[in-house]
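Structure record follows, encoded as structure tokens.
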Amino acid sequence: MRWHGIFSVALSVIPVQSLFVDEAYNIDFHHALLGIPQPHSTFFHKPDASSNAALLYSLSDKAVLGALNPRDGSLVWRQSLASQPTVNATTSFLVAGEGDGKVTTAVGKEVATWDASDGKLVWKYTARGEVKAVDLQAVPVLGSSTDGAVQDVILLTQPLQEGGSYVVSRIGGDGSGERWRHEDVDTKLDAQVGIATSLKHLFYITKSAGLLSGQRTKVVVFDIITGKQLKEYSPALDSETVAVDGRLASASGSEAPLLITSETPYKTIKFNLLGNNKVSTITLDDKGEDIVSVSAHSALGTTAESHFLLHVRTATKNWAEVYHINTATGDFKRAYSLPAIKDASAFAASNNGKNVFFSRATSTEVSVYSSQSHGHLGRWPRNVLAGSRTSSTDPIYAIAEVAIRDNTNTAVRTAIISPEGSLYLVRNGDTQWVRAEMLAYAELAAWFDYAQVTPLAQELSAEVSVDPATAYINRVYRHAKELMHLPNYLVKLAQGAFGPAEDKPSVREDLLGSRSLILATSRKQIVSLSGISGAIQWDADLPSAISDGAAVRSLAISEGRVTIYTSDGSVSVLNATTGGVIETKTGTIPAARIIELPGTPASTLLKVNEEGIPQVAVDLAPSVPLEGNVVMTQDQTGNLVGWTVGTTVRKTWTFTPTPGKIVAVTTRPEQDPIASIGKVLGDRSVLYKYFTPNMAVLTTMSNEILTMYLIDAVTGAVLHTSSHAGVLDSFPISAVLSENWYAYTFTSSNPETNALSTQLIISELYESDVPNDRGQLSAQTNYSSFGPDGNVKPHVVSAAFTLAEPMSHLTVTQTAQGITSRSLLAYLPGSHAMIAIPRHVLDARRPIDRDPTSSEAEEGLFRYTPELSLDPKTFLSHARDVVGISHISAVPTLLESTSTVFGFGHDIFGTQVAPSQTFDVLGKNFSKFQLLATVVALYLGVLALRPLVRRNVVKRGWL
Amino acid sequence: MSTERIPPPPKWVVELSSPPPSRSKNVSSLPDPPGYLSSKAVSKKTEKNARKPPTQQEMDTLKLKKSWEIALGPAKQLPMQAIMGYMSGNSLQIFSIMMVFMLFKGPLQAIAATNVTFARFEAESTKSQMLGVKAVYVLMNCLLLALGVWKVNAMGLLPTTRSDWLAWEGERTPSERAYFPS
């Protein structure tokens, strides 16, 4: 009764909890990801001229630039070029100069140079006008960087709208901006454009659809130093190019950049050495099969010999042809070819000064060839990483670095991208490390509890279903069987007793419950992660029966099965423990969203289409939903529509915000247990909480005005409204609804000072403003939203806090019973951190402009301060740099005090949060050994004293 | 070993069989040494101080008086206990808990043992009066008990407020349920 008060006073003494040093890196896990590396912007490069070891630089298709340590695969540094990781950043480019210690990127209209060893920004250049970068090439440096030569880059930009001009410009490597530019107004937007550099020249290549002929290729040659146009010619090349990464030219930056074109069925290949009008034609031997694709690989160094490799693929075979170029005449000569094998191969070209090497990686071996002759310099069978989950898979593409010591010893490091999206580093044949980059594409997550599938749980549920006598016999039998494990158990217990109460993952798993997290990625993969350690347990592709364009819309887990609903209306069921496919059902009704309702005989699935119209998923399982349920969907115009679902589906209400548009709909978490229906005040009276499972919070925006509506989703009636002016929608706006409160955050600008401020608003809902009063419904035990009872509005208390930086993706911690106080979880996009704000700090009833009275203090309220400081000490992610979190998910553990928190979107971050401290676990400083030693010592003491005491007692009897 | 000669009896045997002659008058006027009481002197004194036994009526009055004293005893404790209760504070500490425990244990035990307490003052003639005395005794103990209850209430241990019964209040069930797409 007063315990509550004492407890909260104790809490208010420690207003903000911080993370303990010994918890950091122990209770949390983090996958710092790049995204899948793009082949044209991934390379081994020495961070500066003096260093011996090269780093693996990569710009991923999520526009994240990173340097990896090839030794262990750890991130040396990382930069997100588009402030946050973006999906499908296909037009991003990365180039590195020769030993000047910098790398240069181009994304959108921005060119930036980064220090290669620590990732710090050196300079940044923004292209003029509405343009985007379509190519970036390094200018070959004549002379070394020690002479003061700077590494310039050539940027090619494409206009975003028709009517603009393509611009080729040389950007100074010292940050001085544009040196010269050339504008091309003639080329249309649908043309293919590209640039290539040689030591003296810059080639600007356009390929546009001509009026009569199929395609017309035009090459403009510039003096690379002055930017003066030297010549223009049109080689007779009219088919598609076969450069490795979709670029027009191959071997840019070398002595002999070239254009290679071909056309299905790739019988003849045409070459043009850029700057030379001559076009050579070579006929490929198709080895009796249709050639599926051809791609060219050439080394990028300025000093490298002009040799290149054509990778030829048929349905069953892979081989390569190596060609030498005569740079003087522009002739091509076939040097040798590599054998055709059945395994999928990836080829990579690399150079070591003048020498060019071609590496071939297959699923079983890695081999290295010199460009001069066909004899292999080294050949190693591929070995799987010890303890690795997957076997070595087929490579999609590879990046290699060859080292030759003493002219005889060849060593090769190959970075291999596998189809499932892992980045492998293979040193000779041995896999050094694997990075699971596909996790950066996670879109949906669901938790799988292993307890659902343990034999004990199944047996217990079986016991519930049979009659008591049988169940009792069964139970006795089960316990008897368990006795067999007793000796083992005792041994384990004894071992545990003397070991320290440490925090091995297994111990924590016992305490927290073993869960795994099932993720669905935008690459149509399903990945299972351990909920405690974050290790990948299995990954699986969606069954091939699912059509290609379909995206995963919903994940549901029950009875050890993962049910995946895709947008084409199909359902796939996987085994949640192994990832094996159990069944696939193709549906006929496409679904944008899925709702599960109680129904007969089993729960009913409702598919909501793109227009927001729900429909019973009769194509999957015949079922009739129970009457009286309301379903809320959003239609195409953004209005919210309520539907009554029974044997028929009828529209009940429509909610149109005036003015504005619904940006987001927030509802209470599916599992949101409420331990107490009232809030006990300091004088032991009760303020009753207002809550209903049918509440929803709508975020609407119009003209910088943010309006939040709290509605009853059964009738669509508005319960409460609040409005904020000057809100900027370029900043994150996020809301969360739980128990009897909702919180939202936004960033607004002051109209007078233009100062930005981020605010966090918390609104608490009570049945009445008077303590000990349950409002209009008083002691009623049920109510209907459609009757007069539905008119009851909550009493709302709100408080606003200002934050130092924008906050996004609000979520709330979850515990099994809801007894533990809650914490608000959020991501800080500016600080790259995840935080937990204790709910009692965000109490809307904190006294304003006065100190709390004694009864308020007893309740745990303390004086309101408008600033909410986000102390880095309270960051859940502590020193970790967590990038691009777009979803946060919290689930209860077996311990009431603890909630497991997981964030994904780009990086994967998981940890455990105990908002009221871990009151149900012994602390780490608790020593079992000390306890047992004390007991034993006391017992020995008693034994030792026994004769003494006995003698004394006898003496006292006699005297 | 047969004895030929009987040894003379010990001195104390001789002295016991022939006590010293009674003291002469002169001698008897001499005071006894401090701490020594001759049997004669003692017996003489008791005889002199002996009173005649009190009457039954006097006895009853006396007993009644004594029992009233006992009956009002708890009332005298009352101010002290109240001060102690005030001083020990309302927080849950070992001292205040002990004090509350004693406040309950003492009076309850006393009430249970009322008849035993007054058994030695019982008499046929004062039976009716004794009833009143016992009633006052129980009342006084109840006062102490009331002090205990007041103290427990001040400590917040009595379920007298709404919050104490909150756990038994349920949340209202809505007749309709709304579902949202996942």
Side-chain angles (χ1 to χ4, degrees), chain A residues 1-6 444 553-556 592-598 606 608 614 628-634 642 644-645 665 667 670 674 676-678 680-681 683-686 688-689 691-696 712-715 771-772 774 777 779-787 789, chain B residues 78 81-108 142-182:
Chain A
M1 297 160 204
R2 276 291 160 98
W3 292 103
H4 175 85
I6 288 156
L444 289 171
R553 295 295 192 200
S554 181
L555 273 184
R593 323 212 47 188
I594 300 284
I595 313 174
E596 205 173 327
L597 291 181
L606 226 58
V608 184
N629 290 313
V630 175
V631 161
M632 192 169 72
T633 66
Q634 223 174 334
T644 307
V645 179
V665 181
T667 56
E670 217 170 299
I674 291 166
S676 167
I677 61 158
V680 180
L681 305 185
D683 60 358
R684 296 162 66 204
S685 55
V686 179
Y688 283 94
K689 295 173 186 172
F691 49 80
T692 142
N694 301 331
M695 283 189 294
D712 180 344
V714 172
T715 57
N772 292 349
R774 287 206 72 175
L777 299 181
Q780 250 171 274
T781 54
N782 60 359
Y783 65 98
S784 164
S785 296
F786 291 113
D789 307 342
Chain B
L78 216 55
Q81 293 284 7
I83 287 170
M84 270 173 68
Y86 172 74
M87 289 297 194
S88 64
N90 289 337
S91 55
L92 286 178
Q93 293 164 354
I94 187 78
F95 188 72
S96 48
I97 291 169
M98 287 287 283
M99 142 130 215
V100 165
F101 178 69
M102 296 314 280
L103 268 177
F104 277 86
K105 190 189 152 217
L108 286 176
C142 283
L143 274 181
L144 264 183
L145 210 59
L147 185 73
V149 170
W150 170 81
K151 174 75 183 160
V152 166
N153 185 38
M155 285 169 76
L157 296 174
L158 283 191
T160 51
T161 56
R162 190 76 172 248
S163 61
D164 302 325
W165 304 98
L166 187 62
W168 281 269
E169 281 182 89
E171 84 185 74
R172 292 189 200 104
T173 45
S175 314
E176 300 89 13
R177 277 300 305 270
Y179 292 87
F180 313 100
S182 58

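All values derive from a computational prediction rather than experimental measurement. Quick note on labels: first sequence line is chain A, next is B, and so on, each numbered from 1.
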For A:F786, does the CZ atom sit with more than 12 other heavy atoms under 6.0 Å from it, leaving out its own atoms? yes
Interatomic spacing from CZ in B:R162 to CG in A:D683 - rounded to 0.5 Å: 13.0 Å
Under a 4.5 Å heavy-atom cutoff, which of A:N629, A:V608, A:V645 has the most pairs with chain B? A:N629
Could you tell me which non-hydrogen atom of A:N694 sits nearest to which non-hydrogen atom of B:P174, and how far apart they are? ND2-CB, 3.9 Å
List the atom of B:S163, the atom of A:S685, and the distance in Å for their closest heavy-atom pair. CB-O, 4.5 Å
Flag the one option from A:V631, A:T781, A:D712, A:L597 with the top tally of heavy-atom pairs under 4.5 Å to chain B. A:T781
From A:I677 CD1 over to B:E169 CD, what is the distance, rounded to the nearest 0.5 angstrom? 5.0 Å
From OG1 (B:T161) to CG (A:N772), nearest 0.5 Å: 8.0 Å
Grab the two heavy atoms, one from A:G678 and one from B:L166, that are nearest each other, plus how far apart they are. O-CD2, 3.8 Å
Using non-hydrogen atoms and a 4.5 Å limit, figure out which bit of A:E596 sits close to chain B: side chain, backbone, both or neither. backbone
State, with a plain yes or no, whether a side-chain heavy atom of A:R684 is found less than 4.5 Å away from one of B:T160. yes
For A:A556, is it the side chain, the backbone, both, or neither that has a heavy atom closer than 4.5 Å to a heavy atom of chain B? neither
Exam field: side chain B:S175 to backbone A:Y783, donor-acceptor pair closer than 3.5 Å: yes
Using heavy-atom distances under 4.5 Å, tell me whether A:L777 contacts chain B through its side chain, its backbone, both, or neither. both
Nearest heavy-atom approach of B:P181 to A:M632 is CD-O, 3.0 Å
Taking the side chain from B:R177 and the backbone from A:P693, do they hold a donor-acceptor pair closer than 3.5 Å? no
Minimum heavy-atom distance between B:F180 and A:I595, given as atom pair plus value: O-CG2, 3.9 Å
